[in-house]
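Proteins come first, then strands; the chains are lettered A, B, ... in the order of their sequence lines, and each starts at number 1. Since we're looking at a predicted model, the values are computed, not measured.
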Amino acid sequence: MGALNLAEWQKLPVSLTELCINTTLRCGQSFRWRKNDAGVWSMALHNRILCLHQDLEHLYYKSLKLEMLPAPPNSIPPSIAPGRNANDSELIQHYFNLTPNLTELYQEWSAADANFAKKAPKFTGVRILRQDAWEALVGFICSSNNNIARIGQMVHKLCINYGPLLGHFEGEPYHDFPEPEALSHDGVEAKLRALGFGYRAKYIHRTACMVAAKPEGWLDSLRNPEAPVIGVKPSSGGEWSAEGREGYRSAHEQLLELQGVGPKVADCVCLMGLGWGEAVPVDTHVWQIAQRDYKFGKGKHSSLTKQTYDAIGAKFRSLWGKEAGWAHSVLFTADLRAFSERLVAKVEKKEEDIVVKMEGDVEVEESVVKVEKVLEKCIKRERDEEESKVLEVEEKVVRKTKRKRKT
DNA sequence: AAACTACCTCGACA
DNA sequence: ATGTCGAGGTAGT
């Protein structure tokens with residue numbers, strides 16, 4: 001751990017069950033956050049470089065003083081009302097969507113759904129961010145047929161090549177996310193292809209052209225009025241129904257007109273960029289969850305057609321209610337490969353103990369390595385199965401360890 | 001409507 | 001060492 005002088009930071013009292021940035025910032029909602037060895041998260045956001053750190057009781061934050069040139073490069077900070085400059089505290093409350101009581105919501109979802117109650121306890125503090133809608137749109141266009149690591153690389157390349165430079169932190173340049181106009185010029189598609197975007201290059205360029213051609217503020221006009229940009233008073237989001245509110249359905253429909261935007265991407269933008277909590281993006285993970293835990297995958301809904309897609313969303317909305325997309329995100333996170341180690345955390349602890357005890361014994365170290373490989377396979381094979389089965393695997397692996405140690 | 005197929009790239013795995 | 005596979009889908013038949 002590096003020397004973190006947290007006394008210099010601002011802080012907000014937040015429990016890990018209300019917000020866990022370590023999970024929330026890695027679960028594939030946002031693709032731009034970086035974490036250093038000292039446990040500091042950082043990202044360029046709204047004309048500043050924001051740094052975060054979290055412990056058991058507080059979320060610490062500070063934004064870097066930028067030795068910036070007179071004119072801010074990007075005169076239109078996204079998600080903030082024109083002419084208004086949010087302070088760090090406002091920005092964090094807004095970005096992390098801190099108003100809803102997540103602990104209470106988890107309780108409600110658990111009471112309504114035994115499967116949620118079973119899966120959620122190891123994945124508390126997963127909160128839906130309020131990201132800039134345009135950034136979310138482009139990020140999720142990149143997500144098609146892709147993995148989270150590469151999406152992050154692609155978004156990073158977009159910022160480096162087209163986004164305004166805000167400053168440096170720990171020797172690294174920090175760029176804001178590029179505006180639609182910056183991605184709408186001729187030659188962008190070719191360059192993005194050269195940068196490794198593949199077929200998504202065309203989608204990004206064409207969508208940027210379409211959005212740039214719309215009236216200023218068009219994307220934010222699709223927001224849930226209950227979750228407006230900073231500086232605008234919230235108003236009613238409309239009447240609730242299992243199909244979703246009218247405003248949500250309208251936003252979804254309009255997003256579908258953009259290139260590279262299908263139902264899943266549109267729902268991601270609705271949920272994470274436009275504040276519509278009932279949006280339920282159904283991707284391959286969620287489709288698998290729906291089949292495994294919610295009886296989809298048979299008869300009428302044997303494949304993921306548009307009709308099945310809508311039925312899954314309606315099912316989850318009727319089960320979890322107005323913030324169904326939030327609950328869905330918890331289960332999605334629980335299924336992510338990147339978090340599968342959490343299901344066997346105890347084993348890893350034991351491994352560490354063994355290594356420490358037997359330090360200096362070459363033979364044993366080798367056997368430990370072998371066991372780790374076995375563990376990996378177990379994790380991969382078992383990650384979709386019940387926790388009880390994972391526990392069985394734990395015991396087997398531990399016994400194997402002991403045997404190998406003796407030989 | 002539903003079912004197929006092509007689509008870029010990259011790291012993991014055999 | 002080289003081939004195959006699949007990753008948070010979408011657009012076009």
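In this structure, the CG atom of A:Asn146 is 10 Å from the P atom of B:dC10, given to the nearest Å. Counting to the nearest Å, the C1' atom of B:dC10 and the CD1 atom of A:Ile148 are 15 Å from each other. Distance A:Ile204 CD1 to B:dC8 P: 13 Å, rounded to the nearest Å. Regarding A:Asn145, its CG atom lies at a distance of 13 Å from the P atom of B:dA6, rounded to whole Å. Going from atom OH of A:Tyr203 over to atom C1' of B:dT9 covers 15 Å, rounded to whole Å. The separation between A:Arg200 atom CZ and B:dA6 atom C1' is 13 Å, rounded to whole Å.
Around the NZ atom of A:Lys306, the shell of radius 6.0 Å holds more than 12 heavy atoms that belong to other residues, nucleotides or ligands. Other residues, nucleotides and ligands contribute only 12 or fewer heavy atoms inside 6.0 Å of the NZ atom of A:Lys202.
If you take OG1 on A:Thr124 and CG on A:Leu19, they are separated by 10.0 Å, rounding to the nearest 0.5 Å. A distance of 8.0 Å separates NE2 in A:His168 from CD1 in A:Ile49, rounded to the nearest 0.5 Å.
Checked by atom type, the side-chain pair A:Asp335/A:Gln288 shows no donor-acceptor distance below 3.5 Å.
Under a 3.5 Å cut-off, the side chain of A:Arg26 and the backbone N or O of A:Asn22 do form a donor-acceptor pair. Side chain of A:Arg223 to backbone of A:Asp220: no donor-acceptor contact under 3.5 angstrom is found.
Using atom P as the reference point in both C:dG9 and B:dA1, the two lie 24 Å apart (nearest Å). Only the P atoms considered, C:dT2 is 26 Å distant from B:dC8, to the nearest whole Å. For the P atoms, the distance from B:dA6 to C:dG8 is 23 Å, rounded to whole Å.
No contact: A:Ile151 has no heavy atom under 4.0 Å from any strand. Contacts of A:Cys27 with the nucleic acid, taken as non-hydrogen atoms under 4.0 Å apart, include base atoms. Residue A:Arg193 is classed as a sugar-phosphate contact, given heavy-atom separations below 4.0 Å to backbone atoms only.
The aromatic rings of A:Phe96 and A:Trp33 sit tilted relative to each other, their planes meeting at an angle between 30° and 60°.
Under 4.0 Å is where a charged nitrogen must lie from a carboxylate oxygen, and between A:Arg127 and A:Glu18 at least one such pair does. We find that A:Asp132 and A:Arg32 are not joined by a salt bridge, their nearest charged nitrogen and carboxylate oxygen being 4.0 Å or further apart.
Within residues 305-332 of chain A, the residues having any heavy atom closer than 4.0 Å to DNA chain B are, in order of number, A:Thr305, A:Gln307. Contacts with DNA chain C (heavy atom under 4.0 Å) in residues 249-265 of chain A: A:Leu258, A:Gln259, A:Gly260, A:Val261, A:Gly262, A:Pro263, A:Lys264, A:Val265, listed by number.
Scored by the side chain to side chain donor-acceptor pair (under 3.5 Å) test, A:His185 finds A:Glu181 as partners (sequence neighbours excluded).
With A:Ile128 as the fixed residue, the side-chain contact (heavy atoms from CB on, under 4.5 Å) test singles out one of A:Leu271, A:Thr24, A:Leu102: A:Leu271. Only one option out of A:His328, A:Arg317, A:Arg245 pairs with A:Glu278 in a side chain to side chain donor-acceptor pair (under 3.5 Å); it is A:Arg245.
The nucleotide range of DNA chain C contacted by chain A, defined by atoms under 4.0 angstrom from heavy atoms of the protein and reported 5' to 3', is C:dA7 to C:dA11.
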Anything under 3.5 Å between a donor and an acceptor, one on a side chain of residues 319-326 of chain A, the other on a protein residue two or more places apart or in another chain? List them.
from, atom 1, to, atom 2, distance (Å)
A:Trp320, NE1, A:Asp113, OD2, 3.0

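A donor-acceptor contact under 3.5 Å is not formed by the side chain of A:Arg150 with the base of B:dC10.
In DNA chain C, the stems built from three or more successive Watson-Crick or G-U pairs (distances below 3.5 Å) are B:3-7 with C:9-13, B:9-14 with C:2-7.
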